[in-house]
Trainee: 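Here it is: the structure, laid out below.
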Amino acid sequence: MSAPANNGACIVGWSHTPFGKLEDAPDAEALIGRVARAAIEDAGIDPSEVDAVYVGHFNGGFQKQDFPSSLVLQSLPELRFKPATRLENACATGSAAIHGAMDYLGAGRGRFTLVVGVEKMTAIPGAQVGDVLLGCAYRREEGEIPAGFAGVFARIADAYFQRHGDQSDALAAIAAKNHRNGVDNPYAQMRRDLGYEFCRTESERNPVVAGPLKRTDCSLVSDGAAALVLTDAGTAAAMGKAIRFLAAEQVNDLMPISARDITRFEGAREAWRRAYESAGIGVGDLSFAEVHDCFTIAELIDYEAMGLVPEGQGARAVLDGTVAKGGRLPVNPSGGLKSKGHPIGATGVSMHVLAAMQLAGEAGGMQVPGATLGGVFNMGGAAVANYVSILERLR
């Protein structure tokens with residue numbers, strides 16, 4: 001079906017599984033089945049109206065079944081003979097799938113797209129999970145770093161600490177904030193308020209993982225899926241609910257951490273700059289942000305990359321309450337990856353679902369009162385693939 005000239009893609013339906021070790025979902029196919037039809041029903045359309053499917057699935061060895069695009073048809077046979085495509089961009093895989101769907105709409109090739117992000121991570125041993133995740137790093141230089149991807153971010157934390165001083169108090173405050181926020185997220189893997197002292201203190205239950213990073217500084221290995229239905233703004237204007245993309249930017253940076261100043265997340269900075277310019281806003285206009293806290297040091301640097309505080313002053317944003325639920329700019333009111341979990345392919349889609357829920361006033365206990373503009377930052381690798389979205393409620 002041809003679509004009218006696209007004047008801004010909109011989210012018009014969504015669904016989300018709980019994240020965690022989902023033993024009742026043996027594989028990605030089962031997880032896809034839980035969200036695909038549910039998102040279409042939430043949008044209030046018939047499955048036959050979906051023109052194309054985009055699946056975000058990193059896999060990388062988590063499961064033997066690769067080539068997941070047509071797995072959607074197992075739960076939605078109505079989509080047989082519709083184009084279905086898998087996209088992958090490390091931990092930003094979900095956002096890559098969203099961009100693919102938006103490009104399809106923008107080209108006028110159809111009216112409705114279904115986006116599914118999915119990952120089943122917990123079916124293999126922990127050591128194997130770590131090796132799979134190292135595929136998101138530059139193996140030629142970083143493949144032997146102890147503690148895998150946590151070791152990569154420990155090096156980032158060490159470099160930041162050397163330049164700006166010990167930030168352990170701030171990292172603990174970020175972890176505590178996100179665990180506190182996650183209590184109100186029905187999808188979160190860990191819904192426990194651990195408290196600042198627990199997050200700050202090394203203990204048998206909170207051991208050091210790598211460098212200055214403790215267990216509470218690291219996101220969780222998770223299973224889960226999330227889905228969105230997208231359409232153009234003209235079509236969305238007549239639907240029950242619509243969350244519009246004011247901006248959707250992607251910026252890729254060099255992969256080796258040795259090739260750049262890794263304490264600055266320069267690709268993320270550029271993605272935020274372009275998004276603000278495209279949307280015609282500044283950081284002060286945002287009501288909240290969902291940012292990629294795969295490790296607490298990442299969220300700390302995110303504060304600086306998005307322009308919330310000057311370089312080297314990320315700690316201030318969390319220690320003075322700016323990014324708290326009731327602060328000037330709540331960051332990760334969902335609990336973030338730290339509390340919610342981080343099923344790689346699902347993460348970017350999940351972040352957009354949770355932002356859409358905020359803007360639609362459907363976030364329940366997570367709700368930021370009066371939210372009108374939301375920012376989403378999803379990154380792949382160590383700030384290599386950087387995606388920023390600015391969202392607002394259309395209706």
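From a predicted model like this one, the values you see are computed outputs, not experimental measurements. Side chains are part of it too, since the values below use all heavy atoms of this structure and drop only hydrogens, waters and symmetry mates.
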Trainee: Please list all pairs meeting side chain to side chain donor-acceptor pair (under 3.5 Å) that have one or both residues in residues 67-77, counting only residues at least two apart or in different chains.
Mentor: none
Trainee: Side chains of Q250 and N252: is there a donor and an acceptor less than 3.5 Å apart?
Mentor: yes
Trainee: Using a distance-only test with no angle check, is there a side-chain donor-acceptor pair under 3.5 angstrom linking E119 and S222?
Mentor: no
Trainee: Return the set of residues passing side chain to side chain contact (heavy atoms under 4.5 Å, CB included) with P68 (not counting sequence neighbours), or none when no residue passes.
Mentor: V55, H57, D66, L71, R86
Trainee: Under 3.5 Å, is there a donor on one side chain and an acceptor on the other for N178 and D293?
Mentor: yes
Trainee: Please answer whether the main-chain N or O of K21 pairs with a side-chain N or O of E23 as donor and acceptor at a distance below 3.5 Å.
Mentor: no
Trainee: Will you find, in the side chains of T231 and R111, an N or O donor that is under 3.5 Å from an N or O acceptor?
Mentor: no
Trainee: Could you tell me which residues satisfy ring pair (Phe, Tyr, Trp, His ring centres under 6.0 Å) with H16, sequence neighbours excluded, listed by chain and number?
Mentor: F19, Y187
Trainee: Distance only, no hydrogens: is a donor on one side chain within 3.5 Å (strictly under) of an acceptor on the other, for D46 and S48?
Mentor: yes
Trainee: Does one side chain, of D232 or T235, offer a donor that lies under 3.5 Å from an acceptor on the other?
Mentor: yes
Trainee: Which atom pair, heavy atoms only, marks the closest approach of S389 to F245?
Mentor: OG-CE2, 3.6 Å
Trainee: So, do V183 and D193 sit near enough that their side-chain heavy atoms are less than 4.5 Å apart?
Mentor: yes
Trainee: Got a sec, which hydrophobics cluster with Y196, joining ILVMFWY side chains under 4.5 Å apart, including via others?
Mentor: none
Trainee: So, do H99 and N89 sit near enough that their side-chain heavy atoms are less than 4.5 Å apart?
Mentor: no
Trainee: Give a yes-or-no answer on whether the side chains of E304 and Q313 include a donor-acceptor pair shorter than 3.5 Å.
Mentor: no
Trainee: Is Y387 isolated, or which residues cluster with it under the ILVMFWY side-chain rule of less than 4.5 Å, directly or via members?
Mentor: none
Trainee: Indicate whether any N or O donor in one side chain lies under 3.5 Å from an N or O acceptor in the other, for R163 and T263.
Mentor: yes
Trainee: Identify, with sequence neighbours excluded, every residue that meets ring pair (Phe, Tyr, Trp, His ring centres under 6.0 Å) alongside F112.
Mentor: none
Trainee: Do V221 and T122 make a side-chain contact, defined as non-hydrogen atoms from C-beta onward lying under 4.5 Å apart?
Mentor: yes
